[in-house]
Amino acid sequence: MLKDYLLPESTTKVVSLLDNCNGQARIIAGGTDLLLDLPDGKVATECLIDISRIAELKEISLEDGIIKIGAAVTHNQVAKSDLIREKAPALASAAGSVGSYQIRNSGTVVGNVVNAQPAADTAVALVALGASADIVSSGGNITVPVEKMYAGVGKSIVDSTAQLVTCVKFPAALANEGSAFVRLEQRKALALPMLNVAVMVSLKEGKFEWVRICMAPVGPGPVRATAGEDILRGAKVSPELINEAAQAAVKQANPRSSALRGSKEYRTGVLPALVAKALESAVAGAMEINK
Amino acid sequence: MKAYNVVGHSVRRLDALEKATGTGTFASDYSLPGMLYAKVLRSPHAHAKIISIDTSQAEKLPGVKAVATYKNTPRVKFNTSATMTFTVPAMEPVLDQYLFDNVVRYVGDEVAAVAATSEKIAAAALELIKVEYELLPAVFDPLKAMEADAPVIHDGCKEGKNIPGDIVKIPYGDVEKGLAESDVVIDETFKLPVQKQVQMETQAAVARVSNDGKITVWSSTQTPHPSRMILAHVFSVPISKVRVLNPPYVGGGFGVRIGLSAKAEPIAVALAMKAKKPVKLVYDRKEDFIASDTRHAGYVSVKLGAKKDGTFHAMDLKGILNAGAYCSFSCETPGVLGAMGLAVYRIPNQHYYGHSVYTNTTPAGAMRGFGNPQAMFAIESAVDMMAEKLGFDPLQLRLKNIMQAGDPWCLPYPCSSSGLAECMEKGAASIGWERRGSLNRPGAKILRGIGVGVGTHVSNAWPFCVDYDNAYITVQQDGSVLLASGVPDIGTGTSTTLPQLAAEALGVNFDQVSLTFGDTETTPFDIGSHASRTLYAAGTAVVAAANDARKQILAYAGEYLEVAPEKLELNDSIIYVTGQDECDARKVHLKDLAYHAHLRNKQFIGVGRIVPENAPPWHAHFAEVEVNTDTGQVKVAKLTAAHDVGRAVNPVIVEGQIEGGVLQGIGYALSEEIKYNEKGKQLNDSIHKYMLLTAEDVPEVDAIIVEANDRSGPFGAKGVGETGLVPTAGAIANAVYNATGIRFKEIPITEEKMYRALHEKA
């Protein structure tokens with residue numbers, strides 16, 4: 001049963017509070033998932049540690065080509081950030097499609113990742129952007145790629161009763177790089193994605209230098225379409241090749257049939273079009289920056 | 001049309017400030033000293049017999065004050081819908097519900113209820129109630145439920161297996177002969193989904209039972225007076241000992257609480273009687289989904305026959321609807337489906353056959369349109385198919401066949417007016433109908449199309465149901481006016497538009513009029529808000545009351561001014577001689593006259609007592625859609641909704657009604673559906689899982705008001721409340737066909753259905 005609600009003002013304090021509570025306390029940021037899970041009995045805790053008053057966690061920063069998004073940064077902050085829109089459009093677009101406007105005003109990008117839903121929009125984008133997370137605890141500080149943060153469906157490797165993710169970080173797009181996020185949904189707000197795809201491309205002399213393609217919900221967490229990436233790497237940019245890569249991507253996807261959000265057959269059928277669309281947008285973005 | 005001072009003007013709504021600032025109160029806001037909170041235990045099974053129920057542990061939980069089950073509540077049969085109060089003899093209402101029964105018939109059916117000092121304790125107590133069930137076979141489809149081996153859901157169905165009430169048959173001309181004489185016949189069956197009202201406020205009631213047995217219920221009902229009759233029946237008390245009121249607002253309805261708010265009121269009353277304390281029961285959203293009425297799903301078949309020249313010659317219409325587990329409005333809905341379906345086109349030979357069938361799903365009842373959207377999706381699809389077969393432009397084929405004012409038809413009142421042709425012309429111009437057929441380049445991934453659908457409706461329920469209205473107008477001692485009408489304001493603006501009518505008819509300024517409404521103790525009997533009737537029918541009573549008061553005022557003023565009353569006029573609260581010049585001193589302000597009368601022991605009290613006539617509103621919807629061939633997603637780019645509403649008493653409110661209806665209609669066509677799993681559990685039991693449009697999904701909607709002259713209603717007004725979604729699904733399905741060449745005979749047209757159809761076609 002919940003007994004206490006704490007508002008520490010530094011990450012150091014958070015770590016010591018977690019340590020003192022010995023598993024009986026839990027981090028809360030935006031609370032848009034947690035405040036539903038607590039009354040439903042899916043999560044139980046004696047103490048909530050609210051990190052939304054910690055100044056350093058509320059910032060989006062760019063330093064030495066690395067963009068950092070603090071753990072208390074909301075979806076709307078990211079979606080509206082000029083820096084993110086310019087240097088990581090896939091993430092701006094993903095953050096802008098989570099839940100509804102009110103949810104985006106409260107929920108955080110890091111919370112979206114830690115909650116570990118299979119198709120968490122920002123997690124899909126962050127994987128495509130090659131992001132990693134800084135995790136602190138009394139046991140020491142570690143950095144983990146977002147791609148490795150899923151421990152199963154709805155399960156994160158982060159233990160929010162002992163660890164605090166302070167930020168996610170990724171390299172800002174260079175002039176020859178572009179990213180994009182595409183989402184298939186039943187309506188424009190308050191709808192979990194039937195599918196979502198994020199890609200990042202780096203172009204060099206009309207060729208793909210490298211590509212990251214990430215798709216969901218086609219597995220326990222965001223899934224990399226490495227076969228599609230391999231097809232594109234080093235090859236000349238063309239619609240035909242993009243389609244070939246998109247078709248290859250499907251082979252690594254294993255969507256489930258959902259009574260609410262589409263059958264496996266439907267999702268598998270539509271996925272290539274989404275991958276191709278994301279690739280086309282990302283390529284266009286990479287070229288636009290070149291101009 | 002004549003211009004008026006108040007009618008026809010978009011005056012600011014009288015509830016606007018209160019609602020916009022959050023100070024307006026609803027049943028779910030209400031609380032009383034010492035009030036307890038109720039929670040309901042609901043069946044996890046689609047069909048089962050309760051073998052045993054043990055509430056002893058729940059009763060022992062500290063804070064629990066009362067537990068109700070079938071064992072300790074009235075064994076009185078009733079129907080939660082108002083049908084039991086307004087079914088016209090010789091028809092008999094179907095009473096098939098108990099407050100609690102020892103058989104549960106759908107997942108969500110009421111098993112027990114607890115009142116406790118907090119909602120949390122009440123919820124904890126539910127977990128302590130031990131119920132042993134014997135599972136019974138269940139059936140979910142209306143066609144299967146009529147089969148010989150289907151389980152019996154209710155005894156006493158005289159028309160056939162699991163068919164509640166009477167089968168509706170509407171004969172008109174000779175349909176067999178007509179079909180035989182037709183050159184072309186379209187014969188199709190269409191499948192309709194379960195749609196949910198998803199009104200903003202869930203079902204809610206706060207009940208107090210006084211020591212001398214008087215029952216007061218603050219309720220979310222959209223028909224306070226009929227609800228009072230139902231409660232008096234259930235608890236076997238005189239109607240005069242029951243008061244039902246809205247406090248004063250209701251967070252929407254769309255038909256879901258014509259009668260009781262599901263079982264919120266009687267459960268709260270039963271618990272309040274046991275606990276001897278006030279009890280509040282507010283359904284959570286999941287309860288609202290699974291345990292309050294939905295729209296009827298089912299099947300509609302159309303056989304439409306026409307001559308080669310495009311003249312419709314015969315139509316055989318059939319509707320088989322899914323009643324769900326209890327009857328509610330399942331006798332009336334198939335009736336309206338048939339009556340409205342047969343009233344749109346001039347067809348000399350018609351027949352309708354329709355009924356509902358019990359199944360083990362959430363009961364279906366009234367929802368905006370009441371059978372009419374089901375009829376018109378099928379009919380308007382069939383008409384488009386006919387146009388293609390005959391080589392006609394779909395708009396021209398309709399214009400050739402639509403009902404005209406004065407035409408004979410199957411309805412028991414005259415077709416008194418029709419602005420449908422004007423609706424179609426204005427709508428076609430708005431959508432750019434001439435662009436139809438030239439919207440797509442070869443190889444385009446996004447296919448565009450334009451479609452049309454039309455329809456009619458009622459302006460109240462007379463003579464299908466009991467339907468009458470009363471209103472009082474009392475002129476206060478300062479000349480201001482208090483109006484009393486027994487209708488609620490469920491968000492449709494009644495509390496603004498009825499005072500508009502009173503001000504206009506009486507001849508006073510709008511700001512002088514106040515309304516008491518939604519309360520059985522301060523207003524005379526009125527059926528309430530349903531059947532697009534409130535402004536038309538209750539408004540007719542308001543105008544009658546105003547005319548009565550006006551007559552008294554002018555008679556008194558005649559003596560006061562020493563002028564014959566028939567030579568006097570009342571305008572802007574001033575009584576003066578008709579045609580007099582400015583210098584003429586023979587005039588008096590109502591304020592002075594009312595006080596003059598007061599000092600002489602007199603008050604002007606107008607009474608209106610009416611049985612409404614009926615009048616057909618008409619509507620034409622035009623949809624432009626975009627179909628994404630990659631994903632199957634259908635997007636409505638624009639929806640034009642042209643509506644003949646008679647006189648628009650408050651045009652902005654009318655537009656709001658049309659726009660809101662259109663959005664529900666788009667959802668009906670494309671995304672809204674409650675599906676059940678194989679055990680009868682709703683899959684879409686929350687707003688998150690039920691694909692209602694959000695604000696971000698709203699397309700461009702062009703609401704066009706057409707005002708055909710109709711003498712029957714107040715200042716020429718006709719019904720509008722339900723009409724916004726009657727032809728929408730047909731218009732969208734026709735636009736989808738125009739875009740893709742794929743004819744959908746089942747809605748909603750989801751992305752997956754479209755994707756599959758596109759691939760089957762390819």
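On a predicted model such as this, the values are computed, not experimentally measured, just so you know. Sequence lines set the chain letters: A, B, ... in the order given, protein chains first and strands last, and positions in each chain run from 1.
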- Task: Kindly indicate whether the side chain of Lys675(B), heavy atoms from C-beta on, has any atom under 4.5 Å from the side chain of Leu260(A).
- Result: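 In short, these two side chains do not touch, never coming nearer than 4.5 Å.
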
- Message: Is there a side-chain contact between Met194(A) and Glu751(B) in this structure, where contact means two heavy atoms from C-beta onward sitting under 4.5 Å apart?
- Response: yes

- Going from CG on Leu274(A) to OG1 on Thr631(B), what distance comes out if it is rounded to the nearest 0.5 angstrom?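 One gets 7.5 Å once the value is rounded to the nearest 0.5 Å.
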
- Task: Report the distance from atom NZ of Lys753(B) to atom OH of Tyr266(A), rounding to the nearest 0.5 Å.
- Result: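 Between Lys753(B) NZ and Tyr266(A) OH, I get 12.5 Å after rounding to 0.5 Å.
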
- Query: chain A heavy atoms under 4.5 Å from Glu673(B): which part of the residue, side chain, backbone, both or neither?
  - Reply: neither

- Item | Contact origin within Leu670(B) toward chain A - heavy atom pairs under 4.5 Å | neither

- Take atom NZ in Lys264(A); do more than 12 heavy atoms of anything else shown fall under 6.0 Å from it? yes

- Query: Does the Tyr755(B) side chain pair with the main chain of Arg267(A), one donor and one acceptor, at a distance under 3.5 Å?
  - Reply: no

- Query: Are any side-chain N or O atoms of Arg187(A) and backbone N or O atoms of Thr694(B), one a donor and one an acceptor, separated by less than 3.5 Å?
  - Reply: no

- Answer key: most heavy-atom pairs under 4.5 Å with chain A among Asp630(B), Ile687(B), Leu683(B), Asp697(B) is Asp697(B)

- Starting from the C-alpha separation in whole Å, work towards a yes-or-no answer on side chain to side chain donor-acceptor pair (under 3.5 Å) for Ser671(B) and Gln186(A). CA-CA 7 Å; Ser671(B) 61; Gln186(A) 289 158 299; over 6 Å; no

- Message: Using heavy-atom distances under 4.5 Å, tell me whether Ser100(A) contacts chain B through its side chain, its backbone, both, or neither.
- Response: neither

Could you give the side-chain donor-acceptor pairs of residues 211-224 of chain A under 3.5 Å, partners two or more places apart or in another chain?
| unit_1 | atom_1 | unit_2 | atom_2 | d |
| --- | --- | --- | --- | --- |
| Arg212(A) | NE | Ala128(A) | O | 2.7 |
| Arg212(A) | NH2 | Ala128(A) | O | 3.4 |
| Arg212(A) | NH2 | Leu129(A) | O | 3.2 |
| Arg224(A) | NE | Glu229(A) | OE2 | 2.7 |
| Arg224(A) | NH1 | Glu147(A) | OE1 | 3.0 |
| Arg224(A) | NH2 | Glu229(A) | OE1 | 3.0 |

- Note on the structure: Applying salt bridge (charged side-chain N to carboxylate O under 4.0 Å, His left out) to Lys3(A) and not counting sequence neighbours gives Glu46(A)

